[in-house]
**Student:** 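Pasting in a structure now, in structure tokens, and then I'll have a few things to ask.
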Amino acid sequence: MDLGYRDRFHIPRTANGTDSAYLCAHSLGLQPKSTRAYIEQELNDWELLGVEGHFRARHPWVEYNKLLTDQTARLVGAMPIEVVTMNSLTVNLHLMMVSFYRPTPQRHRIVIEENAFPSDRYAVVSQIQFHGFDPAESLVAVTGEEELEDLLECQGESVALIMMGGINYSSGRAFDLACVTRAGHAHGCVVGFDVAHAAGNLALKLHESDADFAVWCTYKYLNGGPGSVAGCFVHERHARAESLPRFAGWWGHELETRFRMGPDFHATPGAEGWQVSNPPVVALAALRASMDLFDEAGIDRLRARSVELTGYLESQLDRHADGAFSIVTPRDPGHRGAQLSIRVCGSVRAVWERLAAAGVICDWREPDILRVAPAPLYNTFEDIDRFVDLFVRSR
Ligand SMILES: Cc1ncc(COP(=O)(O)O)c(C=O)c1O
């Protein structure tokens, strides 16, 4: 069953003018055809209204980010007060750690997943160092939920923060957010997630997971465009936690009194209270174009279609199994999203180049992983056939 959204996206063309088979949503999603109009609306209002656009634009800029609140909450399974769209992913991760990583000499460790995305690791290491601790002592990596539970049993009282990916960028493995959070909270740890590879991919239930915070980017499955504005979740129980330290800025100040320009900071309750600066409206307009499509299609329907597409990709690859490649992503659809990661014998780069030259777009990561992700909004079974056919012949 085709969901009927493919025609609403620009599909990149091959050299001979045909549609490419674009299987790279895990890296950069495609542009909705409506994006240009959403951006033009703001450019026109700026052209006609100048500064007045803050209050008189069709969508007044002073509250522009609120246009994304309800649909973001629906997308990630959160309450509206728990989400905000701001900054970029790694910046949001730092802002969250400023508030939620409060190490003491007894409890200073951060647990991440093995082979975490480098930026997450750099951010975590720099936070540990910022607090005067030694990453060799304070940073611990675990392979998954079981190893995490073992670690917490033995050394849980030394762990301040667990910060894992929703889906690992390299293996494509999905972690059970509720299970990780339960284990962490049982040992007194704060628990946060980087759901960059899960947002718009899995039907997340961030509120139910009970995580303290989560961050994600919107340029992958969420099609917000290169470097688009990122997302942030702060659990409702922290909505009015004034004791939490934060790096404040005027846009986190409550709106009613923000423009009195007073000297004291009064945080907006909820995730919006972590905003620092006034938001980039033109960039948010691009994101709205895609989020409106997600809202229309519904994440549960998209996820069901995604399971079919990725299952088909898996079955077609299995038909050609010859020992020269292996799927490293879990076989259970409950433990993965759209992406399959394929370990390739020989040069993965050479395989990727041959695919790209024939208009089949995926990507690769060191040392030997080809990443392929059919996106339910715009990919077809035919895209998958093209990939598998060429992949089998390209090795
Ligand atoms: C899991 C993960 N974390 C962090 C990042 C870094 O994101 P940004 O450059 O938007 O901060 C990425 C980027 O792809 C990612 O996949």
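In each ligand, atom 1 is the first atom listed, and ligand 1 is the first ligand listed. These numbers come from the heavy atoms of this one structure, side chains and all, not from hydrogens, waters or symmetry mates.
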**Student:** Going through the checks in order, is the ring pair (Phe, Tyr, Trp, His ring centres under 6.0 Å) test met by Tyr22 and Phe9?
**Tutor:** CA-CA 11 Å; Tyr22 191 86; Phe9 284 85; over 10 Å; no

**Student:** Counting only N and O atoms by type, is there a donor-acceptor contact under 3.5 Å from the side chain of Asn379 to the main-chain atoms of Ile384?
**Tutor:** no

**Student:** Please list all pairs passing the ring pair (Phe, Tyr, Trp, His ring centres under 6.0 Å) test where one or both residues lie in residues 68-121, with sequence neighbours left out.
**Tutor:** Phe100-Phe213, Phe100-His238, Tyr101-His131, His108-Phe133, Phe117-Tyr169

**Student:** Give every donor-acceptor pair under 3.5 Å between a side-chain atom in residues 275-282 and any protein atom, sequence neighbours left out.
**Tutor:**
from	atom 1	to	atom 2	distance (Å)
Gln275	OE1	Asn65	ND2	3.3
Gln275	NE2	Trp251	O	3.3
Gln275	NE2	Glu272	O	3.0

**Student:** For ligand 1, run through the N/O pairs with the protein that fall under 3.5 Å and put one pair on each line.
**Tutor:**
from	atom 1	to	atom 2	distance (Å)
ligand 1	3 (N)	Asp120	OD1	3.2
ligand 1	3 (N)	Asp194	OD2	2.7
ligand 1	7 (O)	Tyr219	OH	3.0
ligand 1	10 (O)	Tyr219	OH	2.6
ligand 1	11 (O)	Thr90	N	2.9
ligand 1	11 (O)	Thr90	OG1	2.5
ligand 1	14 (O)	Lys220	NZ	2.8
ligand 1	16 (O)	His197	NE2	2.9
ligand 1	16 (O)	Lys220	NZ	3.3

**Student:** Are Tyr38 and Asp292 close enough that a side-chain donor and a side-chain acceptor fall under 3.5 Å?
**Tutor:** yes

**Student:** Using a 3.5 Å cut-off and no angle test, enumerate the donor-acceptor pairs between side-chain atoms of residues 193-202 and protein atoms at least two apart in sequence or in another chain.
**Tutor:**
from	atom 1	to	atom 2	distance (Å)
Asp194	OD1	Ala196	N	2.8
Asn201	OD1	Ala338	N	3.0
Asn201	ND2	His197	O	2.9

